[in-house]
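Remarks on the structure that follows.
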Amino acid sequence: MAHREVLSEPGKRVLMLGNVAIARGALEYGIGFASAYPGTPSSEIVEALSYAARKLKRPYVEWSVNEKVALEAAYGAALSGVASLAAMKHVGVNVAADPLFSSAYTGVEAPFVVVSADDPGMHSSQNEQDNRWYGVHAYIPVVEPAGAQEAKRAVIEAYHISGKFHTPVILRSTTRIGHTRVPVETGEIDLEKLEPRGGFRKNIERYTLVPAHARKLRAELVEKWEEIAEWFSKHPLNEAKGPEDSSVLVVGVGLGYTYAREALRELGLDRKVRVLKIQTPVPLPSKLLLREAEGRDKVFFVEEGEPVVETLAKSSFYDEGIRARVAGKSNGYITRVGELTLDKVLPGLARFLGIDYSLPEKPRVNLSAPPRPPVLCPGCPYRAVFYALRRAVGKARIKPVYTGDIGCYSLGVLPPFEMQDTIVEMGGSIGLANGMAHVAKDQIPIAIIGDSTFFHAGMPGLANAVYNKAPMLVVVLDNRTTAMTGHQPHPGVGVTAMGEETVELDPRRVAEAYGIEYVALTNAFDIKGQEKVFYEALEYVKKEQKPALVVARGACILLAIANARKAGVRYTVYTVDEDKCIACGLCYKAFNCPAIIPKENGKVYIDPLLCTGCGECAQICPVNAFKPVEEPDPEWIKIMATAKPR
Amino acid sequence: MSEKPFNLVIVGVGGQGIITMANVLASAAVAKDHNAIVAETHGLSQRGGTVIVHVRLGEAEAPLIMEGKADLLIALEATEALRYANYLAKGAPAIVDSRLLRPPLPNVEMPSLEEVYKALGEAGIRVFKTNAVEKAEELGNPQGANMYLLGYGLAVNGYGGYVDAPSIEETIRQKVRNPEANIKVFRAGYEDGLKARQ
């Protein structure tokens, strides 16, 4: 998606995603460099900046190979005097944590903001970590907008804070900030400021963290931390409203502020209770909190994620002898599980204030909806890969462990495939297989990893497998894009974020260079062809007790359709010959394409609105009941193999 | 807080054009100088999974609508109305399209359309039944079911008065592919909604 609204003319009120507002803020401030590895809910920030860079020829924008490199690259630009941004999802910060911690010690020449997009509720993630703790842990200030409506202002302030204190700043967003659309007032963009032009000035004592230097910098860092806390206590992003003499203080942190305000309104207390909005949670603006809490009976905290500010504030209150009762997520008044909703905040606040409150009446429907998890799309090449791989495993008579990874293929965890026995983190497929290969002796690990994920964190694990002689089959699912996060390019497809042509890295050549002897390429849409290759590869692993790697290549069907539309090429949908269909159910019980729909009599039909013309069904039907409506265009077959993002 | 917010939940299945629909509605409200907040579903959850988009028009601050507080529910897939009916306020209506999409999982028990409508009715919800896909197809725009339902919703309870037909049509012109074809189904939905209200 282009997110064209990021370049809306100044002085307008434009509806935009919170993530696009963050990108707009960075442009209005004037950054010269942005980098990211895509990950929900962060991807649209650099997508929007990539759109801007293609139009304006500045700033410099890249999709980096992973979050660590993205953070290092932006950090390097900031050390060279260019204001920069690195964006990633919350778990991406784990990958980037090493340089992040160091960046606090060295500080930066030009302003540097790391956007951490947390995902409470785990809409698209494996955990609910709150990355404000990284700020506490690494001594990096955190700015947290009170909703998408404050995102643009917050990112601009984050740059000013970074510039003032020469420190990296974490902008903590969450799903309901980045993926919420609000009207945003646009300001001026100064093209001059977006020029990625800088220069590195040597400063050995600051930029080389040998122990002697790091010890000095550590002392400086702790001192600076106090100064920043002091500054935050006066910062205009934080604001108190409501009666001075209120016996209750409600502290709304980041997005929590919006829920705090609405909860008070529901209880009819919006004019009666003092409310403190906090948008700079770390370091704790303790003077402000102490001043606001002093003399009150009760303080209630509403924050998205963990009770970070609540915990820090309690410690501060204890030190200063403030005796107010404190409640929030630290003591069960609001659950720590899932994302904030008013349904969670209201009863907790009411209970704390001793108010009788019951949740609104809701309709009770005595019929449940069927489960509807996300599934592989109709025409997804991965469905054919899973199907062929399972047949090959059966034929080779091995006991497999399917170590899975992060991407669309994670959906192979669902029936009928259930071919993801582990899914833990980016690169974990090959990583875990490295251990299993040496101990689960009568099983063969089959590491299933996507193309983008392979470049992200699969390569070190693969080198390890060769070095330590770990027998495993690595299947690289190469669909020519980072599909799950919205079709970004990656090192394998020969396009940069700026839309320039570049080299195409091939996982096969990586594997060959590492010394893997069995390396093969298959057409991911060809079921019989790849079944044969998978079988051979498994036989090799079994016999030689060494790693083998197969690249199953076929474009994400959504990408193929987009490429075809642009090229004026049409695909042909498939249909069912009723007389041939024997109602065996193979296509909807073992293959499960969403476009194939069973009827009462067990026979099937294809929904033409859902069919994408991949032709996989025609390969699995034992009686050849599936036929294309017309002869498929050879150009379409070519696009299915070669499509790539632009 | 001068304006009481209007809360709408739009539900369905990934790929049905729900985000576009919410976007058009919110942009139309913004064009009329009102506030709008739209909380969307992106990423993994979009791949054919269940989708809920929260649209709040007027002086709302928080992105998510509280259960029991929605003024209207629009379901682009009938069984999804069952999943999210708990968002509706007492007495608030639901527009539930007749489209049924069977989740592509082995051995799923799929209720019939009659059962869905009956269960919603028994829960005291006033249900408006639509055939948006057929209507859009009749007008030569099979992808236009979302715009049909947007028009239908405007007729049913006016989205709190924050938008009107001209502002929505102008937004479709600016934001949606094939605007004239989509305006045609939007108007058809509006007309059908007016008739159904009587």
Side-chain angles (χ1 to χ4, degrees), chain A residues 13-15 17 40-41 43-44 123-124 147-149 176-177 179-183 255 258-259 261-262 265 270 339-343 346 359-377 408 410-411 414-416 484-486 588-589 592-594 596-598 609, chain B residues 1 13-15 22-23 26-27 30 33 35-50 60-69 79-90 101-111 115-116 118-120 122-125 133 142:
Chain A
R13 208 163 142 264
V14 185
L15 193 73
L17 268 185
T40 312
S43 315
E44 297 83 4
H123 298 276
S124 288
Q149 49 273 53
R176 298 305 182 180
I177 295 173
H179 287 169
T180 293
R181 234 173 267 261
V182 291
L255 187 63
T258 67
Y259 289 107
R261 292 247 302 171
E262 293 210 3
R265 203 169 298 137
D270 45 329
E339 62 185 347
L340 276 184
T341 61
L342 216 44
D343 312 56
L346 256 169
L359 287 166
E361 221 180 293
K362 293 175 254 186
R364 281 176 196 280
V365 182
N366 290 319
L367 181 63
S368 347
R372 195 184 298 278
V375 289
L376 296 170
C377 301
C408 289
S410 300
L411 300 173
L414 294 169
M484 178 67 84
T485 49
Y588 57 87
K589 284 186 189 147
N592 273 74
C593 173
I596 302 173
I597 296 158
L609 281 179
Chain B
M1 291 298 282
V13 177
N23 229 313
S27 296
V30 171
D33 275 332
N35 184 46
I37 302 187
V38 183
E40 303 179 354
T41 305
H42 287 236
L44 172 66
S45 20
Q46 251 183 307
R47 297 274 178 266
T50 169
E61 288 182 60
L64 298 180
I65 296 166
M66 193 176 175
E67 291 180 14
K69 285 283 188 179
T79 63
E80 291 305 314
L82 301 173
R83 199 184 317 276
Y84 299 112
N86 52 344
Y87 278 92
L88 279 172
K90 207 177 168 192
L101 292 171
R102 183 182 172 277
L105 295 172
N107 312 316
V108 166
E109 290 261 338
M110 194 66 183
E115 287 168 334
V116 172
K118 186 163 166 266
L120 293 170
E122 282 172 359
I125 300 166
V133 178

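Naming: A, B, ... by sequence-line order, numbering from 1 per chain.
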So what's closer than 4.5 Å to chain A heavy atoms on Pro111(B): side chain, backbone, both or neither?
-> side chain

Which residues share a side chain to side chain donor-acceptor pair (under 3.5 Å) with Glu339(A), sequence neighbours left out | His123(A), Arg176(A)

Validation row: Pro63(B), Thr258(A) side chains within 4.5 angstrom (heavy atoms) | yes

Sort Met66(B) into side chain, backbone, both or neither according to what part of it lies under 4.5 angstrom from a heavy atom of chain A.
-> both

Kindly determine whether Glu67(B) and Leu359(A) satisfy side-chain contact (heavy atoms from CB on, under 4.5 Å), including the steps that lead there.
-> CA-CA 9 Å; Glu67(B) 291 180 14; Leu359(A) 287 166; over 6 Å; no

Winner by heavy-atom pair count (cut-off under 4.5 Å) against chain A, out of Leu120(B), Leu101(B), Val133(B) = Leu101(B)

Leading residue by heavy atom contact count with chain B [cutoff under 4.5 Å; candidates Leu414(A), Leu367(A), Thr485(A), Leu342(A)] | Leu367(A)

Leu255(A) versus chain B, the contacting section by heavy-atom distance below 4.5 Å | side chain

Shortest non-hydrogen contact from Pro104(B) toward Val375(A) | CG-CG2, 3.7 Å

Contact class of Ile596(A) relative to chain B, heavy atoms under 4.5 angstrom | neither

Is it the backbone or the side chain of Leu17(A) that comes under 4.5 Å from a heavy atom of chain B, or both, or neither?
-> side chain

Can you measure from CZ (Arg372(A)) to CG (Leu105(B)) and round to the nearest 0.5 angstrom?
-> 9.5 Å

What part of Pro370(A) lies closer than 4.5 angstrom to a heavy atom of chain B: side chain, backbone, both or neither?
-> both

Between Glu122(B) and chain A, which part of the residue has a heavy atom less than 4.5 Å away: side chain, backbone, both or neither?
-> neither

Evaluate the side-chain contact (heavy atoms from CB on, under 4.5 Å) criterion for residues Gln149(A) and Ile37(B): first the C-alpha distance (whole Å), next the side-chain angles of each, then the deciding distance (0.1 Å), finally the verdict.
-> CA-CA 9 Å; Gln149(A) 49 273 53; Ile37(B) 302 187; 3.9 Å; yes

So which of Ser43(A), Ser368(A), Pro416(A) has the biggest tally of heavy-atom pairs under 4.5 Å with chain B?
-> Pro416(A)

Which bit of Arg364(A) is near chain B, if near means a heavy-atom gap under 4.5 Å: side chain, backbone, both or neither?
-> backbone

Looking at residues at least two apart in the chain, or sitting in another chain, which of them share a side chain to side chain donor-acceptor pair (under 3.5 Å) with Ser27(B)?
-> Lys175(B)

Residue among Ala85(B), Gly68(B), Pro106(B), Ala39(B) with most heavy-atom pairs under 4.5 Å to chain A = Pro106(B)

Please determine, among Glu109(B), Met110(B), Lys69(B), the option with the most heavy-atom pairs under 4.5 Å with chain A.
-> Lys69(B)

Would you mind checking which part of Val108(B) comes under 4.5 Å of any heavy atom in chain A, side chain (CB onward), backbone (N, CA, C, O), both or neither?
-> side chain

Side chain, backbone, both or neither: which part of Leu88(B) has a non-hydrogen atom closer than 4.5 Å to chain A?
-> both

How many angstroms lie between atom CG of Leu64(B) and atom OG1 of Thr341(A), to the nearest 0.5 angstrom?
-> 7.0 Å

Separation between NZ of Lys90(B) and CD of Glu361(A), rounded to the nearest 0.5 Å = 4.0 Å

Inter-residue atom distance Glu262(A).CD - Ile65(B).CD1, 0.5 Å rounding | 10.0 Å

